[in-house]
Amino acid sequence: MHTNGVPLDTYALCSTLTASSKVKHVHFGKQIHALVGKSGWSSSVFVGSALIDLYSKLSNVKDAAVVFDEIPEKNSVCANALLSGYGEAGLWIEELELVRKMPELKLKYDQFTLSAALRACTGLSAVELGRQLHGYLLRTTPDVESDVFLQSALIEMYGKCGLVKKAWQVFKLVGMENRKERSRDVVLWTSMLGVYGRNGHYKEVIDLYNDMLVEGIRPDGIAFLTVISACARTGEVHAGVKYFESMTNDFKLDPGPEHYSCLVDLLCRAGELQKAWELLNETLYTGTGNCVVSMWGALLSACVDRGNIELGKLAAQRGLELDPQNAGICIMLSNLYARFGMWDEIGQLRVLIKARGLRKDVGCSWVQVTS
């Protein structure tokens, strides 16, 4: 169009920017951005929203924020596009600051805005602000029970902050008020399963999964991942294997690497290290699943706990073959050597770690404490 002198309108520009974001073509997207500025379309809120969406999906949130600030007449759509970018980048504070700023810009909150705010509260474990948002939802959104994404965000927020009973109340309220419509779909069920799993309520995970089947809800891969993990922590090996087999036999779902890792963890916690080793080798040989580092890491961790030096060395070797820069594998192998007083091997491993420039990631966490 541009070469043949056909004028470009907002529809053509927005479609082109959307296509650029989907194919991750940042250079072409920036060229379109330059064209937007030269052709005088910078003031269009529609084109601006498409540009914000482009930069957000390409992990260039700073440029997305600059575009947002340059739009003279903003609307909630462009604000939500920037909120999405902040959320994908894990910039929770910036996300909440934009939400707080929206009334000053005379922008209204919609369901997406509130879901983004709840997601930021979840990321920051900001329980008091999450409570305030919940109250705001109840006052301003008459059909809040019918919005599965808002309900799921509330459940996730309360669960991340450790308020399991509050998450359960939100989940239960939806079912009580809309039982005939069966509004509690698989998203809400898996959200509640995840809350129980992350907070150590493993028996409740298994019970809730069974209730889910009774309600006629078809489980997805996330639900199976949660329930198999719960079986691993309650020692129900046979039940966990049964659930794993049920994925393909009953629901025609293909297990992913994370499901195999979870099954390996299940076997390892029960002391079945040889079976876990055989499963991994069979998986790699038959091609029934992608044998990723996490599987070998789970086996190595179990070998450290059980003191199985030979199998642990093999697991570490396989893991480092897949990911030579994995510092976690090296640290666990070092712990295994230390358990048996193998100081020469530890010295060689430290030389390897230094030569590869590996560093262990430092973890941190925080939670808002209320009086």
I need the minimum non-hydrogen distance between Leu188 and Ser152, along with the two atoms involved. CD2-N, 3.5 Å
Tell me whether Asp265 is salt-bridged to Arg233, with the criterion being a basic N under 4.0 Å from an acidic carboxylate O. yes
Is there side-chain contact between Tyr196 and Leu193, with heavy atoms separated by less than 4.5 Å? no
I'd like to know if Glu95 and Arg119 make a salt bridge, using a cut-off of under 4.0 Å between side-chain N and carboxylate O. yes
With a sphere of 6.0 Å drawn around CD of Glu88, does it hold more than 12 non-hydrogen atoms of other residues, nucleotides or ligands? no
What's the shortest heavy-atom distance between Leu336 and Lys313, and which atoms? CD2-N, 4.4 Å
Give the cluster check for Ile222 versus Met212: same hydrophobic cluster or not, with ILVMFWY residues linked at side-chain heavy-atom distances below 4.5 Å. no
Could you go through the side-chain contact (heavy atoms from CB on, under 4.5 Å) check for His259 and Leu253 one step at a time? CA-CA 11 Å; His259 298 99; Leu253 296 174; over 6 Å; no
Taking only Lys NZ, Arg NE, NH1 and NH2, and the carboxylate oxygens of Asp or Glu, determine whether Lys242 and Glu245 approach each other closer than 4.0 Å. no
Rounded to the nearest 0.5 Å, how far apart are CZ of Arg350 and CG of Leu352? 13.0 Å
Determine whether Val264 and Leu280 make a side-chain contact, defined as any pair of heavy atoms from C-beta on separated by less than 4.5 Å. yes
Is any side-chain heavy atom of Leu133 closer than 4.5 Å to one of Met157? no
As a quick check of understanding, evaluate side-chain contact (heavy atoms from CB on, under 4.5 Å) for Thr113 and Leu107, giving each step before the final call. CA-CA 10 Å; Thr113 309; Leu107 303 178; over 6 Å; no
Same apolar cluster: Val77 and Phe149, side chain cutoff 4.5 Å: no
Is there a path of hydrophobic side-chain contacts, each under 4.5 Å between heavy atoms of I/L/V/M/F/W/Y residues, joining Leu105 to Val66? no
Starting from Val241, can I reach Leu225 by hopping between I/L/V/M/F/W/Y residues whose side chains sit under 4.5 Å apart? no
Given the rule in the side-chain hydrogen bond (donor to acceptor under 3.5 Å, both in side chains) test, do Asp53 and Ser56 qualify, once you have shown the distances and angles that lead to the verdict? CA-CA 5 Å; Asp53 183 65; Ser56 296; over 6 Å; no
So Tyr158 and Val195, do their side chains get closer than 4.5 Å, heavy atoms only? no
Kindly indicate whether the side chain of Thr190, heavy atoms from C-beta on, has any atom under 4.5 Å from the side chain of Asp220. yes
Could you check Asn80 against Ser76 for side-chain hydrogen bond (donor to acceptor under 3.5 Å, both in side chains), going step by step and ending with a plain yes or no? CA-CA 6 Å; Asn80 288 338; Ser76 298; 5.6 Å; no
Any idea which heavy atoms bring Lys101 and Asp69 closest together, and the distance? NZ-OD1, 4.4 Å
Given the rule in the side-chain contact (heavy atoms from CB on, under 4.5 Å) test, do Asp323 and Gln325 qualify, once you have shown the distances and angles that lead to the verdict? CA-CA 5 Å; Asp323 185 5; Gln325 298 300 114; 3.9 Å; yes
Would you check if the distance from the ring center of Phe171 to the ring center of Trp189 is below 6.0 Å? yes
Output field: ring centroids Tyr209/Phe224 closer than 6.0 Å: yes
Worked check of side-chain contact (heavy atoms from CB on, under 4.5 Å) between Leu51 and Phe68: CA-CA 9 Å; Leu51 281 169; Phe68 178 80; over 6 Å; no
Determine the minimum heavy-atom distance between Ala153 and Thr122, stating which atoms define it. O-OG1, 4.3 Å
Looking only at heavy atoms, which two atoms of Gly240 and Ile228 are closest? And how far apart? O-CG1, 4.0 Å
Do Leu273 and Tyr260 sit in the same hydrophobic cluster, where Ile, Leu, Val, Met, Phe, Trp and Tyr count as joined when their side-chain heavy atoms come under 4.5 Å apart? yes
